Amino acid sequence: MRLKFLLIISLITTFASTAQVRKSFTESNSEQELWVDSVFKKLNRRGKIAQMFFLRAHTDKGKAYEQSVAEIIKKNKVGGLVFFQGGPGRQAALTNAYQSFSKVPLLIAMDAEWGLGMRLDSTISYPYQMTLGAIQDTNLIYRMGQLIAGDFKRLGMHINFAPVVDVNNNPNNPVINYRSFGDNKFNVALKSAAYMRGLQDAGILVSIKHFPGHGDTNVDSHNDLPVLNFTKERLDSLELFPFKELIRQGASGVMVAHMSIPSLDNTPHLPSTLSEPIVTGLLKQQLGFRGLVFSDAMEMKGVLKFFPEGEADVRAVIAGNDVIELSENTPRAIKLVRKAVREKRLSMDQINVSVKKILAAKYWAGLNKPAQISTTNVFEDLNGGEANAFNQRLSDAAVTVLKSDSLIKDLNTSRKTAIISLGVSEVSLFQKEMQKKFNNSTSFILSKIASAADIKNVTRDLRSFDQIIVAVHDYRKRPQSSLDYNDELKTFIADLAKLNTVTCLFANPYTLRGLPGIEKSKSLLINYQNSDEMQVAAAKVLSNQMQASGRLPVTINSIFKTGEGIQFFPVPQTVSGQVE
């Protein structure tokens, strides 16, 4: 284990040293200081406080909503915006308008862990971080960060609330899960550092999250306040490990989660976001973090449940957060923070430090020379170049072969082949791709609520086939830890596995736990999600066009564990399907 630790730390350090690292905004220079001071001196007390608040923005809620955001910008002079759902062309135009309303340029952020497609239509979604956790070539993840940064810049954005550096060691985690690189802290640190470096070296600020670690919770902080009953020693050795590593490598931002952590602050019901011992004591002082500290969204129930009516906003500032993200009521929050200063609950000196950091970040992001965003060819610019091909490359690198790969090598493209897609209502892309190579194949589909009669009919038809390839799909927007299949279909999967089958999982890898018997498949491919790119990648492996090199980023059960994966190399075949 000691050797493994040294190897991975060496890889992290080597990666960081060989990349063209851009200096942090905290490494000030004379030009930056002049600009920051010139802007700072023009701000009154209320204006300084307002710089700490970032508003929610959408382009899919209509003109009235957009106008309400514009009015808050004009009247309250906030420091930034966080864009959510909408369209890229509309966002580009609206960003120009919003920037024109603000004397101090706005920092524009988005929560885009897997790229713009997480929020915007007509844009690319890269693989989830769980999928990326299977990839062995870290340079691919670095390049993805650069491409996402390019998309951000095209839309005039400056901060990506990514990467997620939580170690997901709880398979039932309802809020992190597939958003994490996995359950191994070294792998999480390695992959998240690559993503972070790609973003920052291309000029985009990050906010690594969710400090001090949201991976082992069974409560979603959007809905309630999770409680972490772990010791300081456990938190330091596991949850905090990736944060410490990325802070060491120059993370520009850290987002603090809404969690109660008694071992770090035993104040009853106090979210970590509002805890001075956690935000200032642990993050800033003990870990030496000098970048921007972002609160998680202040409209979440995890922080509002015990601190309503704006008290949470005030306490978040007192605790040491530099940016208060998505207050439930921003004008009220600014007013209450001013009141807290008058009542000496909070000093202006502390606020001044935060504001100067925010202004320094604005200078680093190029807002000292603001420019209009071009609103022409937005779709073409965001969907051209190498992006689509690179997205496929990432998926290709993630395919993970478990169990024996001998059956895959024995697949013959000329034999009578049954290709079954489960959980679908029409022929899947995977089946279409497979049919291009397996000319003597027949496709079968069964929905997630397939009847016993439907299953019986398919079972009867399979008797005449030489090869059976089964695909398990999860078409839900977010891949959960268990499939929503009926019991009949789950039993059918186990029955198929007893045959001479190759099984492909296009779903969250944790779903294997709820499919007893699937491990009996002669060969098993894990593809992590149901994207078009993963379906194409799996078809490439099964038709011997591509090697599989992925490794499991999480432990599923006692059979399939973190780090497992067979390095499968294709066997060249002639047109007839015979080995050359």
Side-chain angles (χ1 to χ4, degrees), residues 392 395-396 399-448 450-451 453-473 475 489 491-507 515 517-527 530-548 566 568-580:
Q392 184 61 57
S395 296
D396 290 350
V399 179
T400 303
V401 176
L402 297 178
K403 300 271 291 182
S404 170
D405 65 334
S406 59
L407 183 56
I408 301 175
K409 291 180 179 179
D410 290 340
L411 285 176
N412 190 309
T413 56
S414 62
R415 289 179 187 155
K416 190 175 182 182
T417 306
I419 307 172
I420 311 169
S421 272
L422 306 177
V424 303
S425 56
E426 59 185 24
V427 173
S428 66
L429 178 60
F430 171 71
Q431 289 173 307
K432 293 175 182 178
E433 290 294 314
M434 291 292 288
Q435 287 169 351
K436 293 176 182 178
K437 291 295 182 180
F438 289 78
N439 298 321
N440 189 15
S441 64
T442 301
S443 291
F444 298 87
I445 63 172
L446 287 169
S447 76
K448 62 185 181 182
S451 67
D454 294 332
I455 294 171
K456 184 177 180 181
N457 290 335
V458 172
T459 303
R460 182 189 62 240
D461 291 342
L462 292 178
R463 295 169 185 164
S464 64
F465 287 87
D466 302 318
Q467 303 174 142
I468 301 174
I469 300 170
V470 183
V472 178
H473 300 263
Y475 270 89
L489 196 58
T491 300
F492 182 56
I493 292 171
D495 292 340
L496 286 173
K498 297 173 185 176
L499 306 176
N500 205 30
T501 58
V502 173
T503 302
C504 301
L505 185 75
F506 297 105
L515 297 172
I518 196 172
E519 73 280 355
K520 292 184 171 61
S521 300
K522 297 301 180 184
S523 290
L524 183 59
L525 270 70
I526 307 300
N527 303 289
N530 197 51
S531 66
D532 288 352
E533 292 80 14
M534 287 307 315
Q535 293 185 59
V536 170
K540 285 182 183 179
V541 171
L542 295 183
S543 57
N544 283 327
Q545 299 175 69
M546 182 189 81
Q547 74 179 58
I566 298 168
F568 166 70
F569 294 88
V571 178
Q573 295 187 350
T574 64
V575 176
S576 66
Q578 299 300 313
V579 176
E580 291 181 333

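Nothing here was measured: the structure is a model prediction, and the numbers come from that model. When a residue number appears, it is its place in the shown sequence, counting from 1.
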Novice: First locate atom CG of N412, then atom CZ of F438, and finally report the distance between them rounded to the nearest 0.5 Å.
Specialist: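 Between N412 CG and F438 CZ, I get 8.0 Å after rounding to 0.5 Å.
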Novice: Can S414 and N440 be said to form a side chain to side chain contact (heavy atoms under 4.5 Å, CB included), step by step?
Specialist: CA-CA 6 Å; S414 62; N440 189 15; 6.0 Å; no
Novice: Looking at CG of L402 and CG of L505, how far apart are the two atoms once the value is rounded to the nearest 0.5 Å?
Specialist: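 Rounded to the nearest 0.5 Å, the CG-CG separation comes out at 9.5 Å.
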Novice: Answer yes or no: is there a side-chain heavy-atom contact under 4.5 Å between L542 and L411?
Specialist: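 Of all side-chain heavy-atom pairs linking L411 with L542, at least one is under 4.5 Å.
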Novice: For K416, is there any backbone N or O sitting under 3.5 Å from a side-chain donor or acceptor partner on Q467?
Specialist: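 Checked: no pair found.
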Novice: Assess whether side chain to side chain contact (heavy atoms under 4.5 Å, CB included) is satisfied between T413 and N439, documenting all intermediate values.
Specialist: CA-CA 7 Å; T413 56; N439 298 321; over 6 Å; no
Novice: Do S441 and T417 have side-chain atoms, one donor and one acceptor, less than 3.5 Å apart?
Specialist: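 Short answer, no.
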Novice: If only atom types and distance count, is the side chain of S531 paired as donor or acceptor with the main-chain N or O of M534 below 3.5 Å?
Specialist: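 Confirmed, S531 side chain pairs with M534 backbone.
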Novice: Suppose we screen for side-chain hydrogen bond (donor to acceptor under 3.5 Å, both in side chains). Which residues come up paired with R460, at least two apart in sequence or across chains?
Specialist: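 Here the qualifying residues are N457.
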Novice: Atom CG in D461, atom OG1 in T442: separation rounded to 0.5 Å?
Specialist: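 Answer rounded to 0.5 Å: 9.0 Å.
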Novice: Is there a donor-acceptor pair closer than 3.5 Å between any side-chain N or O of T501 and the backbone N or O of L496?
Specialist: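 Yes, because the side chain of T501 sits within donor-acceptor range (under 3.5 Å) of the backbone of L496.
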Novice: Rounded to the nearest 0.5 Å, what separation is found between the CG atom of L499 and the CD1 atom of I468?
Specialist: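 So the CG of L499 and the CD1 of I468 are separated by 5.0 Å.
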Novice: Counting C-beta onward and ignoring hydrogens, is there a side-chain heavy-atom pair between D495 and T459 closer than 4.5 Å?
Specialist: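 No - every pair of side-chain heavy atoms lies 4.5 Å or more apart.
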Novice: For a side chain to side chain contact (heavy atoms under 4.5 Å, CB included) check, start with the C-alpha distance between F430 and I469, then their side-chain angles and the critical distance, and finish with the verdict.
Specialist: CA-CA 11 Å; F430 171 71; I469 300 170; 4.0 Å; yes
Novice: How long is the gap from CG on L446 to OG on S451, to the nearest 0.5 Å?
Specialist: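 OG of S451 is found 8.5 Å from CG of L446.
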Novice: Can you confirm whether H473 sits close enough to S428 that some side-chain heavy atom of one is under 4.5 Å from a side-chain heavy atom of the other?
Specialist: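 Yes - at least one pair of side-chain heavy atoms lies under 4.5 Å apart.
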Novice: Does any N or O in the side chain of Q535 come within less than 3.5 Å of the main-chain N or O of D532, such that one atom is a donor and the other an acceptor?
Specialist: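 Checked: no pair found.
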Novice: Is there side-chain contact between L524 and V401, with at least one heavy-atom pair below 4.5 Å?
Specialist: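 SC-SC contact between L524 and V401 ruled out.
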Novice: In this structure, is the centre-to-centre distance between the rings of F465 and F444 below 6.0 Å?
Specialist: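 F444 vs F465: aromatic centres under 6.0 Å.
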Novice: Please examine the side chains of F492 and V458, heavy atoms only from C-beta on, and report whether any two atoms are closer than 4.5 Å.
Specialist: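 Yes, close enough: below the 4.5 Å cut-off.
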Novice: Looking at side-chain heavy atoms only, is the closest gap between D396 and K540 below 4.5 Å?
Specialist: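 Yes, side chains in contact.
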Novice: Any heavy-atom pair between the side chains of V470 and I493 that's under 4.5 Å?
Specialist: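 The answer is no; the side chains never approach within 4.5 Å.
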Novice: For residues 423-443, which residue pairs pass the salt bridge (Lys or Arg N to Asp or Glu O under 4.0 Å) check, not counting sequence neighbours?
Specialist: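 For residues 423-443: E433-K436.
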Novice: Under 3.5 Å, is there a donor-acceptor pair between the side chain of S421 and the main chain of V424?
Specialist: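 No.
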Novice: In Å, rounded to the nearest 0.5 Å, how long is the span from CD1 of I445 to OG of S425?
Specialist: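 If we round to the nearest 0.5 Å, I445:CD1 and S425:OG are 6.5 Å apart.
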